[in-house]
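Here is the structure we will look at, set down as structure tokens.
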Amino acid sequence: MDEHQEHRPVFRFAPSPNGYLHLGHALSALLNDQAARACEGRLLLRIEDIDPSRSRAELIAAIFEDLAWLDLAWETPVRRQSQHLHLYREKLDELRRQSLVYPCFCTRGAIAHAVAAEDMAWPRDPDGAALYPGTCRELAPKEAARRIATGEPHAWRLRMTEASAVAGALAWREHATALPDSAWRTVPAEPQAWGDVVLGRRDAPASYHLAVVTDDAAQGVTQVVRGQDLSTATAIHRLLQHLLRLPEPTYHHHRLVLDADGRKLSKSIASTSLRELRAAGLSPGDIRRRVELTA
Ligand code: GLU
């Protein structure tokens, strides 16, 4: 890699292939693309197919097709998370060695049950999900090891209180636009609001949080440009970057594209999928206008 290449800002668009791309993805991809072009940066595409139950090959093919239709160009080879599971395992091991994760044998149903049994308004994370009640946190290590040895399915959760204490005060740099030379402010990270998050899933060696920080570092990403809905999760990402001694990218969390009722777009609503809009005769220029991008 020459010196020029080394200092170029690195952007990425990182869709999960669990549905067709919609207008919200188009905005994200286009903002990354515009910014990369404007500052002679690099644009990477990453397929976040860590979820084996929801990722489908035809949806990956559709992502490439929709992005090419929008006239986006990205570097190859494209990174696919499913091809880097060993790396996530290593990162989880690193946290295990720091005694900052523990195995959790609870099913979703068991967690819902434990929360419902409490006679109080249960605290919720920034996404509105009930915080993990801590059922497996104090399991004796011997007992946990025995259950793992019997093949009982388990996730790995972060010991949030201990991890936050180790890290101390954290923050991230939030830019006003996708451009690296735009104004920025410091946002304090409050990962404790998420409780003991899952870092290793029952069915995959990483959760979104662990995979995203591992990959951003592995790919040398310097500018993370993604939707506002992921802004609060950045606190977890900063914490993991600190614990795993990974470099810290800067962030821009952009506005979301909302539906007519002011709700966030969802992959389950086909009417805003790029393929549906293309089939209805819209051009890439129309898509740019629909997401209120001019250039
Ligand atoms: N894969 C995530 C999604 O499709 C985005 C991850 C990120 O940009 O950090 O919502």
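For clarity, every value in this text was computed on a predicted model and none was experimentally measured. Atoms considered below: every heavy atom in the structure, side chains included; atoms not considered: hydrogens, waters and symmetry mates.
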Does any non-hydrogen side-chain atom of [Y] lie less than 4.5 Å from one of [X]?
X: P17; Y: I63; value: yes
X: E174; Y: T234; value: no
X: F105; Y: L139; value: yes
X: Y88; Y: I50; value: yes
X: H237; Y: Y208; value: yes
X: V197; Y: S207; value: no
X: W69; Y: L21; value: no
X: I287; Y: L23; value: yes

Salt bridge or not between [X] and [Y]? Use side-chain N to carboxylate O under 4.0 Å.
X: E248; Y: R238; answer: yes
X: D33; Y: R37; answer: yes
X: R275; Y: E65; answer: yes

With clusters defined by side-chain heavy atoms of hydrophobic residues (ILVMFWY) lying less than 4.5 Å apart, directly or transitively, does [Y] cluster with [X]?
X: V187; Y: I236; answer: no
X: L230; Y: V225; answer: no
X: V212; Y: L239; answer: yes
X: L70; Y: V78; answer: yes

Given 3.5 Å as the limit, does a donor-acceptor pair link the side chain of [X] with the main chain of [Y], or not?
X: R89; Y: P205; answer: no
X: R46; Y: Q81; answer: no
X: W194; Y: T232; answer: yes
X: S16; Y: N18; answer: no
X: R54; Y: G19; answer: no

Side-chain donor-acceptor pair under 3.5 Å between [X] and [Y], yes or no?
X: Q219; Y: R12; value: no
X: Y132; Y: D125; value: no
X: H254; Y: R226; value: no

Which heavy atom in [X] sits nearest to a heavy atom in [Y], and how many Å separate them?
X: F11; Y: A178; value: CE2-O, 3.4 Å
X: C136; Y: P103; value: CB-O, 3.6 Å
X: V101; Y: W156; value: CG2-CE3, 3.9 Å
X: T186; Y: P188; value: O-CD, 3.8 Å
X: H209; Y: A233; value: CE1-CB, 3.9 Å
X: P249; Y: V221; value: CB-O, 3.7 Å

Begin with the C-alpha distance, continue with both residues' side-chain angles, and end with the deciding distance and a verdict on side-chain contact (heavy atoms from CB on, under 4.5 Å) for L274 and Y20.
CA-CA 7 Å; L274 296 181; Y20 291 116; over 6 Å; no
Using the ring of each side chain (for Trp, its six-membered ring), is H22 parallel, tilted or perpendicular to H25, with breaks at 30° and 60°?
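The arrangement is tilted - the two ring planes meet at 30° to 60°.
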According to the interplanar angle, ranging from 0 to 90°, do the rings of W172 and Y251 count as parallel (below 30°), tilted (30 to 60°) or perpendicular (above 60°)?
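The rings of W172 and Y251 stand perpendicular, inter-plane angle above 60°.
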Once you round to the nearest 0.5 Å, how far does [atom1] of [X] lie from [atom2] of [Y]?
X: S283; Y: D71; atom1: OG; atom2: CG; value: 11.5 Å
X: L27; Y: Q34; atom1: CG; atom2: CD; value: 9.0 Å
X: L210; Y: R201; atom1: CG; atom2: CZ; value: 12.0 Å
X: N32; Y: L44; atom1: CG; atom2: CG; value: 9.5 Å
X: R173; Y: H252; atom1: CZ; atom2: NE2; value: 15.0 Å
X: S182; Y: Q223; atom1: OG; atom2: CD; value: 8.5 Å

Could you walk me through whether L95 and L240 satisfy the side-chain contact (heavy atoms from CB on, under 4.5 Å) test, starting with their C-alpha distance in whole Å, then the side-chain angles of each, then the deciding distance to 0.1 Å, before giving a yes or no?
CA-CA 9 Å; L95 294 170; L240 293 176; 4.3 Å; yes
Using the ring centroid of each side chain, check whether Y102 and H154 are separated by less than 6.0 Å.
no
I60 and R80: CA distance, side-chain angles, deciding distance, side-chain contact (heavy atoms from CB on, under 4.5 Å) verdict:
CA-CA 10 Å; I60 298 178; R80 286 184 52 175; 3.6 Å; yes
Would L45 and F64 count as a side-chain contact (heavy atoms from CB on, under 4.5 Å) if you check the C-alpha gap in whole Å, the side-chain angles of each, and the deciding distance to 0.1 Å?
CA-CA 9 Å; L45 174 62; F64 293 138; 3.5 Å; yes
